[in-house]
Amino acid sequence: MNSFLKPVNDFISSESTREYAKKEFNAILWVALITITSVLLDKVFKLFRLWSKASKIPGPPCNSFFGHGNLGSRENFIEFEFEKFSEVLLNQIDWSLINLDLLWESHDKYGSVFKLWLGPTQLLVSIKDPTLIKDMLLKAGDKLPCNGKAFRLAFGRSSLFFCSYDQAQKGRESLAMELDDKLLGKANVISRNVVNCIMEGVDANMSIGSVDCKLISQHMAFTILGTSLFGDTFLAWSKATCYEELLMMIAKEASFWASYRFTPFWKWGFWRYQSLCTDLKCLTLDIVQQCGNHKLSFHMDRNSQIGTANDKSFSQELGGDINARGEPCGNIMGLMFHGCIATTSLIGSILERLVADAEIQDKIYSEIMKVKQGSVREDQDVEEMLLLLATIYESARLLPAGPLLQRCSLKDDLILKNGMLIPAGALVVVPAQLLQMDGSSWGGDASKFNPYRFLSKAVKGSDSVHDTSSTEEAADPIQCSFVLNDPNDNAAFLPFGSGMRACVGQKFVIRGVATLFASLLERYEVRLHPRLGNNSKSTTGPDIVFVRRSR
């Protein structure tokens, strides 16, 4: 009897097991369905909330579900920060110039703030009013998470570049403190050895004829940045020239390889590029090892198995535990690249302005000699060379530093001074290149080179200060003296950015470039190569000559 019932019991047990498994599977399906539905409903709710908030911002109607395609892709806008610094090398900003014109025309039509839909969930807001720009840059410090693909491909992860402001804040503050320490108590921020090295390079180049303006500017900038990070030992480093060429080559090709939607592992050229990136990192580690006692480089690389484990490193200060998310080597290469490109552009712009305006060049030379004769210090105090500093500011203003400044508030909505609300996650852009030459902020001669716009004339015997922006003739030094205006007082002055993401090294760069030109113009007169005449345009930069001054 028991043997007869056993198959029946087994059958009932198996049926119960199958029924239980079926119920469990159905429960899992219901949980998955409810979860997916909740996620989709949340996304739909956020999408409608974005549309609702954005509807209060004026702007042109979107003719396509995919957004305003004629303004360039979203990737074009979010990658501009890298392009801004590398445009001298890449020459890829033709599209952006067209887009800037479209943005400017839209501002004329819709006001100081307007929106564009780049896609159903991709909102771009452009701001033109300087007051609102300053307010926005003080509140929004983030960049979009997908930023910096080209940078990471070239230099690896970095806790200083292309990350949220919360991640970068501590590192930027530490870097600013290091640079400020180099400014304190010094007439010049670059040493006499650095200046002499650059002058020797100028002499060597002039022995073979004219030089390309941008190439000589790049070499000057590279020398200044290298010695600032690694000390004077950098001047004797035998691999410095190779490092400069490799750094620029890698930066130039980064945008090409980053343009692939998927990493092109199947291409031999990509692996060759990766090999070059490895060589650059090895060179960086080599110079850090040789110059490890230099304060700035030592702090920046202490976390990379070169320094000691007991001391708190600069790289640890860049944002806490960065051993996985960022690396000191990437920070160093990023600083070298970004600093070199920005300084190269500034030096090149100044050289081109001086070549085109011999009168300003002569006045700066007279100012340099006057300060030198009245100083008891061996080094020249560039703080007293007001016309030279004003020329640097004016060259920076006219410098096409990049088509746009981009910011994003990832977490919270932005509320501007005029009460307008910008939804969280929206890409906020500032057409800085056009803003710096806008007549409403800089006067009728905004497109012209006029360093006197940064100088005010204080007449002796009077407490009054007169604006000299419309004056092209220097005042009689016996009757009056100049006062240098702070360029950052004008919210439309944005060559170094502004707000939370402003360049932390702008004061250092200005002082360093001023020191360089004080020595350069004391020894040389800068002229356009005779064969070019008045035509200073070329594919890379105008050919210039440095003519030694007769003493």
Side-chain angles (χ1 to χ4, degrees), residues 80-81 84-85 87-88 93 96-97 100 103-104 127-131 133-134 137 213-214 217 221 339 341-357 359-361 363-364 382 385-405 429-457 467-472 474 482-499 501-503 505-514 516-517 536 541:
F80 79 92
E81 192 76 17
K84 177 179 74 172
F85 290 101
E87 65 181 11
V88 175
I93 60 169
S96 61
L97 295 178
L100 279 174
L103 290 177
W104 207 250
I127 303 179
K128 169 187 170 184
D129 183 82
T131 304
I133 289 171
K134 187 175 182 179
L137 292 176
C213 182
K214 287 183 178 174
S217 300
I341 292 299
T343 310
T344 295
S345 298
L346 180 58
I347 293 175
S349 177
I350 296 169
L351 287 173
E352 292 185 25
R353 307 297 172 188
L354 294 178
V355 162
D357 197 328
E359 183 179 355
I360 289 291
Q361 186 176 166
K363 289 180 179 179
I364 294 175
V382 295
M385 302 176 187
L386 303 186
L387 183 57
L388 173 60
L389 291 172
T391 298
I392 295 174
Y393 290 142
E394 178 70 350
S395 300
R397 183 187 71 85
L398 294 174
L399 176 68
L404 303 169
L405 283 179
V429 298
V430 177
Q433 186 174 334
L434 294 178
L435 193 67
Q436 289 186 173
M437 291 184 284
D438 183 23
S440 61
S441 298
W442 300 101
D445 64 339
S447 61
K448 297 180 180 179
F449 174 70
N450 178 19
Y452 291 103
R453 74 177 75 251
F454 291 102
L455 295 173
S456 295
K457 184 172 61 174
D467 178 42
T468 61
S469 59
S470 60
T471 305
E472 297 183 359
F482 285 114
V483 176
L484 184 67
N485 304 325
D486 185 353
N488 294 310
D489 289 342
N490 191 328
F493 185 78
L494 298 171
F496 300 100
S498 184
R501 285 275 186 177
C503 175
Q506 58 178 295
K507 292 181 180 178
F508 180 84
V509 169
I510 292 294
R511 286 279 296 274
V513 170
L516 170 65
F517 274 90
S536 60

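Quick caveat: nothing in here was measured; it's all calculated off a predicted structure. Atom set for the values below is all heavy atoms of this structure, side chains included, hydrogens, waters and symmetry mates excluded.
Side chains of I133 and L405 form no contact here, defined as non-hydrogen atoms less than 4.5 Å apart. Looking only at side-chain heavy atoms (C-beta outward), M437 and L398 come within less than 4.5 Å of each other. For the pair R453/Y393, no side-chain contact is recorded, criterion being any heavy-atom separation below 4.5 Å from C-beta on. The shortest distance between side-chain heavy atoms of C213 and L351 falls below 4.5 Å. At a threshold of 4.5 Å between non-hydrogen side-chain atoms, the residues N450 and E394 count as touching. Within the 4.5 Å cutoff, side-chain heavy atoms of L484 are placed close to those of L455. No side-chain heavy atom of T391 sits under 4.5 Å from any side-chain heavy atom of F517. The shortest distance between side-chain heavy atoms of N490 and F454 does not fall below 4.5 Å.
Within the model, atoms CZ of R511 and CG of L389 stand 8.5 Å from one another, a figure rounded to the nearest 0.5 Å. In this structure, CG in D357 is found 8.5 Å from NZ in K363, a value given to the nearest 0.5 Å. Taken from NZ in K128 to OG in S440, the straight-line distance is 6.5 Å, to the nearest 0.5 Å. Expressed to the nearest 0.5 Å, how far CG of L388 lies from CD1 of I364 amounts to 5.5 Å. Rounding to the nearest 0.5 Å places CG of L494 at 5.5 Å from CD of Q436. One finds the CG atom of L435 at 5.0 Å from the CH2 atom of W104 (value rounded to the nearest 0.5 Å).
Side-chain atoms of S349 come within 3.5 Å of backbone atoms of S395 as a donor-acceptor pair (strictly under, hydrogens ignored). Although no hydrogens or angles enter the test, the distance criterion places a donor-acceptor pair under 3.5 Å between the side chain of R397 and the main chain of A446.
When the ring pair (Phe, Tyr, Trp, His ring centres under 6.0 Å) test is applied to F449, no partner is found at least two apart in sequence or on another chain. Scored by the side-chain hydrogen bond (donor to acceptor under 3.5 Å, both in side chains) test, N488 finds no partners at all (sequence neighbours excluded). T131 is linked by a side-chain hydrogen bond (donor to acceptor under 3.5 Å, both in side chains) to nothing, counting only residues two or more places apart in sequence or in another chain.
The shortest heavy-atom contact between A396 and P495 is O-CB, 3.5 Å. Of all non-hydrogen atoms in A492 and P130, the two that sit nearest each other are N-CB, 4.2 Å.
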